[in-house]
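Sequence lines set the chain letters: A, B, ... in the order given, protein chains first and strands last, and positions in each chain run from 1.
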Amino acid sequence: MLEIKNIRKSFDGTEVLGGVDIHVDQGDVVAILGPSGSGKTTLLRCINFLETADAGMLVFDGERFEFDSISKKEIAGLRKKTAFVFQNYNLFRNKTALQNVTEGLVVARKMPKQQAVEIGKQALDKVGLSDRYDYYPNQLSGGQQQRVAIARALATNPEIIYFDEPTSALDPELTGEVLAVMRQLADEGMTMLVVTHEMSFARTVSNKVVFMENGAVIESGDSRTFFENPQEARTKEFLRTINESAGLTS
Amino acid sequence: MLEIKNIRKSFDGTEVLGGVDIHVDQGDVVAILGPSGSGKTTLLRCINFLETADAGMLVFDGERFEFDSISKKEIAGLRKKTAFVFQNYNLFRNKTALQNVTEGLVVARKMPKQQAVEIGKQALDKVGLSDRYDYYPNQLSGGQQQRVAIARALATNPEIIYFDEPTSALDPELTGEVLAVMRQLADEGMTMLVVTHEMSFARTVSNKVVFMENGAVIESGDSRTFFENPQEARTKEFLRTINESAGLTS
Amino acid sequence: LTGCSGNNTQQQDNTSAPSAQTAEGDLLAQIRERGDIIVAMEGTWAPWTYHDEDDNLVGYDVEVAQAIAEKLGVEATFVEGEWDGLLAGLSAGRYDIMVNGVDIDPARQETYDFSDPYAYNRTAVITTNQNSDINTLEDLQGKHTANTISSTYAQLAEQYGAEVTGVDDLNQTFELLLSGRIDATLNAEMTYYDYMKAHPEAELKIAVLTEEANRIGIPMRKGEETAALREAINNALAELGEEGVLSELSEKYFGRDISQAS
Amino acid sequence: MSERLWDILVDSFGKIILPGLTMTIPLTVISFTFALILAIAAAMVQFADIKGLKQVARFYIWVVRGTPLLVQLFVIFYGLPNLGIVIDPFPAAVIVFSVNEGAYCAETIRAALESVPAGQLEAGYCAGMSYLQTMRRIILPQAMRTAFPPLSNSLIAMVKDTSLAANITVTEMFMVTQRIVARTYEPLALYIEVGLIYLLFSTVLTKLQRIGEKKLNAHGKQGG
Amino acid sequence: MSERLWDILVDSFGKIILPGLTMTIPLTVISFTFALILAIAAAMVQFADIKGLKQVARFYIWVVRGTPLLVQLFVIFYGLPNLGIVIDPFPAAVIVFSVNEGAYCAETIRAALESVPAGQLEAGYCAGMSYLQTMRRIILPQAMRTAFPPLSNSLIAMVKDTSLAANITVTEMFMVTQRIVARTYEPLALYIEVGLIYLLFSTVLTKLQRIGEKKLNAHGKQGG
Ligand SMILES: Nc1ncnc2c1ncn2[C@@H]1O[C@H](COP(=O)(O)OP(=O)(O)OP(=O)(O)O)[C@@H](O)[C@H]1O
Ligand SMILES: Nc1ncnc2c1ncn2[C@@H]1O[C@H](COP(=O)(O)OP(=O)(O)OP(=O)(O)O)[C@@H](O)[C@H]1O
Ligand SMILES: [Mg+2]
Ligand SMILES: [Mg+2]
């Protein structure tokens with residue numbers, strides 16, 4: 001359904017992505033792992049054209065696009081089929097929870113107001129925020145804000161949702177809230193590409209894992225194999241560090 | 001060494017701390033746990049007089065102070081014996097790493113500049129930042145900033161250090177960095193009072209645990225007992241939630 | 001026009017203007033004691049008071065003031081500023097007298113005492129050459145005029161039924177006239193001649209000249225304290241008139257004698 | 001205070017406040033409205049980095065902020081007739097004040113636009129909205145909230161600057177005062193009187209600013 | 001352009017720019033320096049919420065921002081002598097411009113102080129520093145960095161406002177221009193000339209502002 005081929009990106013001469021390939025099938029939940037600075041965020045931003053990749057190709061539903069020559073119109077078309085959940089939510093600060101969800105429907109998709117409100121409420125209900133329609137972002141807790149962001153993504157009925165570290169700004173209990181919603185989406189067959197540091201999520205919810213370092217994919221494949229039988233030395237070390245810092249001594 | 005008795009604090013009529021007692025001995029590492037909004041931050045801020053508690057008493061090195069009648073001079077005196085590491089670091093944004101550490105020594109403790117610089121460098125070396133003396137906060141990663149904050153606390157040679165969620169803004173690998181430094185301090189016998197969501201830290205580094213909810217201490221005591229044999233129903237539930245969200249399915 | 005910084009003149013350095021005393025007592029005595037008289041003027045109104053090409057303060061009023069100072073046996077110190085400021089300064093006691101072609105007018109006499117007139121100035125109604133509608137003051141009825149805000153001309157125009165707007169300075173009134181925004185402006189006859197000296201090509205004419213000339217005097221604060229000063233100035237003016245000095249200066253700056261009531 | 005002076009002040013109060021209400025305030029309000037439109041445009045083309053237009057905006061701001069308001073009034077009112085363009089005093093004043101104030105406000109609004117986090121625009125894109133849609137519905141409303149206090153300040157300052165319109169025959173409050181001075185020769189007292197009337201106007205505007213800020217802050221500061 | 005007009009403009013250039021350099025610029029720089037001191041004080045007492053002084057500062061800002069500069073010049077220069085206080089023109093101008101500009105800058109600096117995160121002050125306390133020590137070494141430097149661009153704007157605006165000093169007999173640039181106009185009767189051309197000289201001064205100041213901002217931004221924006 002989504003295929004990225006040989007994507008490259010440099011900032012001021014420093015290469016951040018050095019030819020990355022990603023393959024996502026309908027219904028896949030792909031977890032992208034990797035140490036800080038490995039280029040995970042940059043990858044997602046390039047895929048959604050928030051950064052312009054220097055080279056590479058994107059195939060979406062069989063249509064091919066070159067990153068360096070895609071037109072504004074094509075970008076706009078692709079964005080209507082995808083959704084993005086930011087690490088720091090990026091809710092519209094001047095809009096209520098409900099308006100955050102309906103804005104894209106009414107303005108970008110020209111949906112009648114009433115229908116948008118209905119869909120918006122459904123989406124908020126789904127993430128457990130039926131009682132927060134008219135709250136502004138700054139009146140919501142971090143976990144609630146992130147759930148509004150997910151509702152905003154859901155409401156547009158996208159073919160795939162990109163997540164950038166959806167729980168890194170949350171405390172353990174709030175993390176639980178958000179992960180539960182994501183697990184439910186996975187169960188319903190939503191296609192998702194998720195940058196995350198939550199090993200438990202990668203381990204139990206995603207069916208594929210991509211491990212990156214220094215702008216390159218080190219290892220990727222089936223999630224069970226990745227955790228139980230990693231192939232690369234660097235992957236093994238990464239998993240060991242993570243486990244150590246989680247257990248500290250044990 | 002530090003004893004807090006019956007501390008109370010309300011904001012606009014809502015009680016946030018409803019009579020909390022804490023007892024810290026020399027060399028203790030006390031972890032304060034509890035769900036979001038339970039009053040942990042407020043407790044630390046009251047202890048360090050960043051908020052004025054409504055009632056209660058503080059005994060420090062045998063000296064007694066009433067929260068509602070302590071003088072500015074006494075506060076200044078106590079602050080020179082304690083240090084505070086903020087959740088979001090609060091490094092002085094207009095000062096380099098080294099200046100952040102020396103500022104309090106030179107300005108507040110009237111230490112000769114040269115001596116302060118020496119001590120400052122030692123403190124930064126200790127947290128592994130020998131190569132970052134002249135960097136400004138915004139040129140440092142989150143983990144590095146938090147370590148500068150710890151160095152700033154260390155340099156004043158305090159009798160106790162308060163930490164408010166020292167790793168909550170960091171990714172797992174950076175969390176590892178900071179926790180390693182704190183573990184080292186604990187091993188050297190530093191007295192610490194740590195609000196944290198890191199169960200592994202509470203479990204393995206701290207010797208005492210205080211579990212709070214709704215502004216009251218639900219359970220407290222020896223850290224091993226707390227984790228292996230919790231007494232209260234709410235504590236058990238809390239530990240279960242945490243474990244679940246960590247494991248998600250298992 | 002030549003520079004005229006006479007021996008008994010001191011070109012005021014405006015950054016450190018000495019001030020007249022506000023203390024009680026006779027102003028003339030104070031002036032004599034100080035050895036100078038502080039004279040306020042605009043310095044931007046040719047040919048009464050203005051700066052020549054070498055930036056010397058010159059003009060009819062400047063030389064008259066110097067001559068008066070000489071008669072009083074003191075030096076003249078000049079201070080230049082904006083009109084309203086000069087008035088305020090006079091009231092505040094910063095300046096002793098104002099020599100700036102000021103019309104003697106009953107309303108003004110409520111606030112200031114005036115010397116005897118030392119010049120007579122007829123008011124001209126100035127229009128463009130093409131304008132043939134305005135031939136008497138009565139013709140101003142319903143016409144648009146503009147005058148400097150601080151002058152008495154606005155009142156005169158209003159009196160004859162003109163629609164009056166104001167502007168800050170003289171030049172603007174000519175600009176308004178030339179750009180056809182107004183029908184006429186009222187000003188001193190002499191000012192018109194001076195403007196025409198600078199702009200001989202300007203298509204402006206004097207359409208009406210008032211019969212009666214305005215009397216130009218020197219205002220000073222009201223009251224006992226200035227009584228002696230006023231008398232001394234009046235004596236000085238009378239002497240200067242008799243000696244022909246005023247006529248001479250008038251010829252020099254205006255090209256005709258306006259120091260005598262005609 | 002002498003009885004005569006008192007009478008002058010009482011008598012002139014109505015004469016001064018009338019053009020204040022009928023000229024100074026309308027001139028200010030109309031000009032400020034146009035200034036805001038100009039400023040938003042000039043700020044937006046810079047923010048959006050539109051080649052050509054951005055340079056035009058920079059040039060406009062540079063020249064207008066660099067030269068005195070009085071000179072601008074002169075050029076428009078006394079200079080343009082040389083090119084055959086004759087504009088009436090009130091519209092000329094509105095043009096000059098709008099253009100002048102627009103340049104200052106443009107800088108304020110540009111700074112406010114830049115203070116809106118980049119993520120807001122990106123979130124707009126990801127919701128499928130175009131640049132213009134996101135600007136109009138998300139970025140500008142947030143920026144205007146930030147710009148509100150400095151813009152209010154500019155408005156208050158402008159009330160007093162309109163007195164320069166006297167130079168192009170607009171009969172506003174200060175000119176009327178000067179006319180009364182020309183008749184009565186009481187500049188100090190009358191200046192203080194008109195000063196107090198300006199203070200009255202400013203106070204009303206300041207109060208309105210406070211109310212506006214409260215309203216905009218109704219759902220807390222835009223922290224999250 | 002006629003030869004005569006050209007000669008007038010060439011001849012007057014030096015005459016105008018000289019008082020610009022010897023009077024307008026010094027008056028601006030000196031007044032602005034004092035204004036900053038006043039503004040910092042007025043902003044600090046409000047920020048620190050010092051009872052009494054805070055009210056004094058609010059009152060000062062209210063009155064000064066609410067009344068025209070020209071009225072303030074009149075009151076100090078022509079009003080105070082009635083109370084026996086006689087101040088020379090240049091010092092009087094410095095006083096009025098400092099006090100006036102101080103009120104506007106105080107608001108700018110207060111806003112900048114409020115934009116420094118509360119955590120910075122708390123971190124200062126926790127490092128054992130007193131309120132004043134933290135203000136001086138941590139909060140004010142950060143606030144001044146935020147306030148730098150709007151303060152630069154105020155400075156540039158002030159260059160032109162100093163022309164009002166002509167009202168209290170200070171011979172600055174604009175007054176000299178008016179004198180030349182009085183002799184030559186060429187207001188438009190000369191006003192444009194003096195406008196360009198103001199533009200020159202402003203451009204230099206704008207360049208200095210850019211350099212200053214670059215320097216202050218040397219270690220990135222104060223994000224973290
Ligand atoms: N706009 C930019 N300009 C220059 N360098 C950049 C920019 N954005 C990212 N980088 C660099 O690119 C590299 C990859 O950054 P990226 O944010 O993609 O990493 P990441 O894998 O998401 O890390 P983290 O887990 O910390 O979020 C880093 O070294 C970063 O410093
Ligand atoms: N300044 C304040 N004004 C009003 N209420 C406040 C204020 N500070 C904190 N509170 C309230 O006090 C309660 C306790 O807050 P506190 O920040 O101490 O919780 P916490 O245990 O530190 O939570 P977290 O784990 O999310 O940091 C919360 O309900 C919070 O909303
Ligand atoms: Mg990232
Ligand atoms: Mg907290």
Peer 1: Please look at Thr96(A) and chain D and tell me whether the side chain, the backbone, both or neither of the residue comes under 4.5 angstrom of a heavy atom of that chain.
Peer 2: neither
Peer 1: Which pairs count as side-chain hydrogen bond (donor to acceptor under 3.5 Å, both in side chains) when at least one residue sits in residues 105-122 of chain A, sequence neighbours excluded?
Peer 2: none
Peer 1: Over all heavy atoms of both residues, which pair between Leu91(A) and Gln120(D) is shortest? Give the atoms and the distance, please.
Peer 2: O-NE2, 2.7 Å
Peer 1: So does Ala108(A) get a backbone contact from the side chain of Gln133(D), meaning a donor-acceptor N/O pair under 3.5 Å?
Peer 2: no
Peer 1: Counting only non-hydrogen atoms closer than 4.5 Å, can you tell me which residues of residues 54-68 of chain A sit against chain D?
Peer 2: none
Peer 1: Heavy-atom pairs under 4.5 Å with chain A - which of Gly128(D), Ala123(D), Ala127(D), Ser130(D) has more of them than the others?
Peer 2: Ala123(D)
Peer 1: Distance-only check: which donor-acceptor pairs under 3.5 Å involve side-chain atoms of residues 78-93 of chain D, not counting sequence neighbours?
Peer 2:
residue  : atom : partner   : partner atom : Å
Tyr78(D) : OH   : Asn167(D) : O            : 2.7
Asn82(D) : ND2  : Gly79(D)  : O            : 3.4

Peer 1: Crowded around Phe59(D) CZ? As in, over 12 foreign heavy atoms under 6.0 Å?
Peer 2: no
Peer 1: I'd like to know if the side chain of Asn90(A) and the backbone of Gly124(D) have a donor-acceptor N/O pair within less than 3.5 Å.
Peer 2: no
Peer 1: How many angstroms lie between atom CD1 of Ile138(D) and atom CZ of Arg93(A), to the nearest 0.5 angstrom?
Peer 2: 11.0 Å
Peer 1: Starting from the C-alpha separation in whole Å, work towards a yes-or-no answer on side chain to side chain contact (heavy atoms under 4.5 Å, CB included) for Asn94(A) and Arg145(D).
Peer 2: CA-CA 10 Å; Asn94(A) 56 328; Arg145(D) 200 256 148 275; over 6 Å; no
Peer 1: For Lys72(A), which atoms come within 4.5 Å of any heavy atom of chain D: side chain, backbone, both, or neither?
Peer 2: neither
Peer 1: Working to the nearest 0.5 angstrom, can you tell me the gap between Phe92(A) CZ and Thr134(D) OG1?
Peer 2: 6.5 Å
Peer 1: Show, in sequence, the C-alpha distance, side-chain angles and deciding distance for Cys126(D) and Val85(A), and conclude whether the side chain to side chain contact (heavy atoms under 4.5 Å, CB included) test is met.
Peer 2: CA-CA 9 Å; Cys126(D) 291; Val85(A) 177; over 6 Å; no
Peer 1: I need the Tyr125(D) OH to Asn48(A) CG distance, nearest 0.5 Å.
Peer 2: 12.0 Å
Peer 1: Phe84(A): which residues meet the ring-ring contact (aromatic ring centres under 6.0 Å, His included) condition with it, sequence neighbours left out?
Peer 2: Phe86(A)
